[in-house]
Trainee: 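Let me begin by handing over the structure; questions about it come next.
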Protein chains: 2
Amino acid sequence: MSATKPATIEDVALIAGVSIATVSRALNEPGKVADSTRRKILDAVAQTGYTTNAMARSLRMRRANMILILAPDVGDPNFSNILVGLETEASKRGYGILIGNTQNDPERETNYLRFISSNQADGIILLTGHLPYGLEAAGPVTRMPPMVAVNEPVPYAAIPFVGVDNFEGARVATDHLISQGHTRIAFIGKSTNRAVAMLRERGYRTALASAGVAIDERFVLEADGTTESGRGAAERMFVRDQLPTAFFCVNDATALGVIIALSARGYDLPHDFSVMGFDDISYASFVTPSLTTMKQPRLQIGEASMDLLLAMLEGEDVQKREILLRSELILRNSVALRRD
Amino acid sequence: MSATKPATIEDVALIAGVSIATVSRALNEPGKVADSTRRKILDAVAQTGYTTNAMARSLRMRRANMILILAPDVGDPNFSNILVGLETEASKRGYGILIGNTQNDPERETNYLRFISSNQADGIILLTGHLPYGLEAAGPVTRMPPMVAVNEPVPYAAIPFVGVDNFEGARVATDHLISQGHTRIAFIGKSTNRAVAMLRERGYRTALASAGVAIDERFVLEADGTTESGRGAAERMFVRDQLPTAFFCVNDATALGVIIALSARGYDLPHDFSVMGFDDISYASFVTPSLTTMKQPRLQIGEASMDLLLAMLEGEDVQKREILLRSELILRNSVALRRD
DNA sequence: ATACGGCATGTAAAGGTTTACACAACACAG
DNA sequence: CTGTGTTGTGTAAACCTTTACATGCCGTAT
């Protein structure tokens with residue numbers, strides 16, 4: 001007897017002997033309908049297997065209960081658990097997540113905005129570090145959808161940010177190296193445009209300054225955050241006359257490159273050099289030597305940012321425009337007491 | 001002069017001086033409208049910044065152009081690039097993807113089905129290896145949404161499958177070990193319920209059989225596919241009187257565990273033992289020794305499966321119920337010529 | 001007895017599309 | 001000049017909700 005078409009609110013109303021308005025109310029604001037009627041309605045719902053049609057609902061309510069996530073690369077191991085956190089929190093609150101893999105392609109970014117302009121998504125989580133390309137062109141400021149930037153803050157835009165306290169984390173990391181007796185500490189991964197790298201460098205400098213250690217600028221090397229760039233930077237270091245005893249790397253991928261370069265030169269780590277990373281990506285514990293690093297609370301970052309976005313969406317006045325979470329020092333085997 | 005409300009098809013029709021039906025046609029089936037009118041309409045569209053409201057469209061058309069992806073853990077490095085492939089193909093064809101992270105929790109699985117029953121998604125990509133819990137209960141077979149299983153086939157259900165040819169891949173892997181002179185080859189990762197593991201074991205057995213090598217059943221050990229289980233299995237191996245010279249592991253995570261166990265016992269790899277994995281997960285190249293393994297064409301798997309699902313959705317009669325892609329032997333440093 | 005407020009429910013509009021059907025204009029064959 | 005197709009466009013229904021407003025009823029204060 002199951003209808004080929006799915007049941008609508010009208011079918012339910014008919015069976016329960018009430019109007020569709022009452023059915024809608026019974027389902028959405030149970031307080032507003034008499035107990036006896038509500039029971040009849042719930043029975044009818046069970047009997048028909050009714051589910052409310054999300055399309056009709058969204059059309060009427062002008063809201064889709066859907067969040068768009070824009071990421072340059074969903075496959076990035078750095079994003080994986082953030083994604084899980086985002087999804088968990090969204091799902092818990094009845095929202096779905098839509099993912100947009102931009103590959104940093106402006107065209108794709110613009111294209112994903114159709115989800116916003118066509119009302120398929122109510123807000124955006126930005127993992128890209130910049131406003132979606134084509135957003136300004138799309139219309140005046142009033143049309144800007146609610147957004148939260150995660151991991152990478154968006155420069156020159158008043159977008160709420162959730163991420164790790166990079167400055168503080170880098171300070172803790174550098175302090176740890178200092179506590180192991182190191183003073184000639186290199187920083188691998190200087191950048192003049194990536195905000196995260198700049199904050200981490202500042203943390204490094206501040207830690208050394210407070211410890212009264214002068215910074216040898218020849219120990220501060222540029223690298224773009226990839227394993228390859230880390231390897232290259234380490235190689236460049238060896239043309240210098242004086243070498244550091246420890247390397248603080250802007251992230252784990254870079255640290256991996258440094259470790260590969262040092263191992264290839266035949267050094268024994270961590271005996272000859274200490275290496276410290278940042279992020280605690282999944283394979284940090286599998287490298288040899290396993291990597292001492294700062295762990296990003298990725299799950300929490302995901303949850304907190306989704307929580308913030310949904311709060312904005314639901315009209316709560318959000319006072320905090322920035323949520324900084326603490327990173328945690330993870331002790332493994334790539335850092336040791338200074339030996340020379 | 002930009003309206004506070006987004007422009008509707010009616011606004012466009014008014015400006016272009018035609019009816020809304022013509023506007024709709026001009027946009028969706030351009031051939032059916034006169035060139036001159038179409039031009040006027042496109043002008044009006046540009047002028048108003050009109051975008052069609054996806055909700056209204058989906059409501060009317062009973063189709064959302066959205067695909068639900070059910071995965072036990074989106075953060076799994078094994079899934080990452082499959083996800084990218086899925087997204088790429090979907091996006092190329094104008095579909096969006098909705099992700100459902102089930103954590104193998106029946107309740108969450110059931111919950112995600114609301115996207116289907118409420119018409120928010122048109123089809124499902126199953127990465128879980130089983131039908132979503134609660135699907136059968138939801139209604140008769142006629143209501144089953146189009147589905148494609150990826151990576152893990154769904155047992156006892158006629159669901160089209162896309163994945164790597166595990167049998168063939170395992171055979172190639174084992175052949176490689178044999179070609180390096182090994183005959184005492186262990187299989188780590190036997191399972192009696194995971195289809196993928198069973199296929200890989202069969203490939204292993206077939207390769208040895210065709211090479212005329214008798215299998216020592218004491219070399220076939222159970223493990224559930226985690227790094228920890230690989231480590232444990234390797235340890236168990238050492239209570240035996242005779243040891244293998246090579247380990248073929250059901251996947252890279254297991255291989256990693258084996259490597260860790262062997263290294264901890266002070267063996268020099270690959271000199272003392274060869275270890276082979278399967279999957280080529282991202283950190284396979286970072287372990288020491290770097291892991292020789294079979295590479296899964298993850299991007300392709302993602303694209304092929306989405307392509308199949310969309311073909312089904314668009315009514316093309318899909319003849320192929322199973323697409324098996326080839327895995328590729330990746331030579332690194334964990335396998336060497338037999339030395340003893 | 002009258003007025004009034006609160007409660008439970010119903011009526012109908014609105015949200016923005018797509019598309020079956022109808023219609024008009026025109027060309028062309030008979 | 002009539003009948004038949006073709007082409008281009010319009011009218012209106014349908015998709016399924018939510019919700020402002022109206023209605024009717026009952027209880028209570030005046």
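Residue numbering restarts at 1 for every chain, and letters A, B, ... go by the order of the sequence lines.
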Trainee: I want to check one thing: is the phosphate of dT18(D), taken as OP1 and OP2, less than 4.0 Å away from some side-chain N or O of Ser24(A)?
Mentor: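 Yes.
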Trainee: Would you kindly compare Asp35(B) and Leu59(B) by the position of their nearest DNA chain D nucleotide and give the one closer to the 5′ end?
Mentor: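 Between the two, 5'-proximity favours Asp35(B).
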Trainee: Quick test of your reading of the model: are Glu314(A) and Arg63(A) salt-bridged, counting only N-O distances below 4.0 Å?
Mentor: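 Salt bridge: no.
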Trainee: How long is the line joining CG of Asn119(A) and P of dG16(C), in whole Å?
Mentor: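 Distance, rounded to whole Å: 9 Å.
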Trainee: Starting the side chain at C-beta, find the nucleotide from dT18(D), dT11(D), dT11(C) nearest to Ala21(A).
Mentor: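 So the nucleotide nearest the side chain must be dT11(C).
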Trainee: Quick one: is dA14(D) close enough that its OP1 or OP2 comes under 4.0 Å of any side-chain N or O from Arg60(B)?
Mentor: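 Answer no for this pair, as no side-chain N or O of Arg60(B) is under 4.0 Å from OP1 or OP2.
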Trainee: Side-chain N or O of Thr22(A) less than 4.0 angstrom from OP1 or OP2 on dG10(C)?
Mentor: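 Yes, because at least one side-chain N or O of Thr22(A) sits under 4.0 Å from OP1 or OP2 of dG10(C).
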Trainee: Are any of the side-chain nitrogens in Lys40(A) or Asp43(A) under 4.0 Å away from the carboxylate oxygens of its partner?
Mentor: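 Not counted as a salt bridge, because no side-chain N and carboxylate O are separated by less than 4.0 Å.
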Trainee: Asn119(B) versus Ser58(B): any side-chain heavy-atom pair under 4.5 Å?
Mentor: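 Asn119(B) vs Ser58(B): side chains apart.
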Trainee: Quick check on the helix from dA1(C)-dT30(D) to dG30(C)-dC1(D): what's the angle between its two end axes, five base pairs per end, to the nearest 10°?
Mentor: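 The value is 60°.
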Trainee: In whole Å, I'd like the distance from the CE atom of Met55(A) to the C1' atom of dT18(D).
Mentor: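 Distance check: Met55(A) CE to dT18(D) C1' gives 17 Å.
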Trainee: Tell me whether the OP1 or OP2 atom of dG8(D) has a side-chain N or O from Arg38(B) closer than 4.0 Å.
Mentor: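 For dG8(D), neither OP1 nor OP2 has a side-chain N or O of Arg38(B) closer than 4.0 Å.
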Trainee: Classify the side-chain pair Asn151(B)/Arg298(B) by whether it contains a donor and acceptor separated by less than 3.5 Å.
Mentor: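 Judged by distance alone, the side chains do not pair up.
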Trainee: Could you tell me the separation between the OG1 atom of Thr102(B) and the OH atom of Tyr112(B), rounded to the nearest 0.5 Å?
Mentor: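 Here the rounded value is 7.5 Å.
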Trainee: Which residues in residues 26-34 of chain A have a heavy atom closer than 4.0 Å to any atom of DNA chain C?
Mentor: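 Close to the strand are Val33(A), Ala34(A).
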Trainee: Quick check for you: among dT17(C), dT11(C), dT19(C), whose closest atom lies nearest to any side-chain atom of Met61(B)?
Mentor: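 Side chain of Met61(B) sits closest to dT19(C).
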Trainee: Please tell me whether Glu109(B) and His130(B) have a donor and an acceptor in their side chains that are separated by less than 3.5 angstrom.
Mentor: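 Their side chains do contain a donor-acceptor pair, which is all the 3.5 Å distance test asks for.
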Trainee: Roughly, in whole Å, what's the span from CD1 in Ile20(B) to P in dG16(C)?
Mentor: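 Going from Ile20(B) (CD1) to dG16(C) (P), I get 11 Å.
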Trainee: Within the 4.0 Å heavy-atom criterion, would you say Thr51(A) contacts the bases, only the backbone, or no part of the nucleic acid?
Mentor: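 Sugar-phosphate, no base atom in range.
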Trainee: Hey, does the side-chain of Arg25(A) have a donor or acceptor N/O within less than 3.5 Å of a partner on the base of dG10(C)?
Mentor: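 Answer yes: a donor N or O sits under 3.5 Å from an acceptor.
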Trainee: Just N and O in the side chain of Thr37(B): are any of them under 4.0 Å from OP1 or OP2 of dG8(D)?
Mentor: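 No.
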Trainee: Can you confirm whether the side chains of Arg25(B) and Asn28(B) place a donor and an acceptor under 3.5 Å from each other?
Mentor: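 Judged by distance alone, the side chains do not pair up.
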Trainee: Any luck finding a side-chain donor-acceptor pair between Ser118(B) and Gln120(B) under 3.5 Å?
Mentor: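 Checked: Ser118(B)/Gln120(B) side chains pair up, N/O donor to acceptor below 3.5 Å.
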Trainee: Provide, to the nearest angstrom, the distance between the CG atom belonging to Asn65(A) and the P atom belonging to dT17(D).
Mentor: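 Atom CG in Asn65(A) sits about 15 Å away from atom P in dT17(D).
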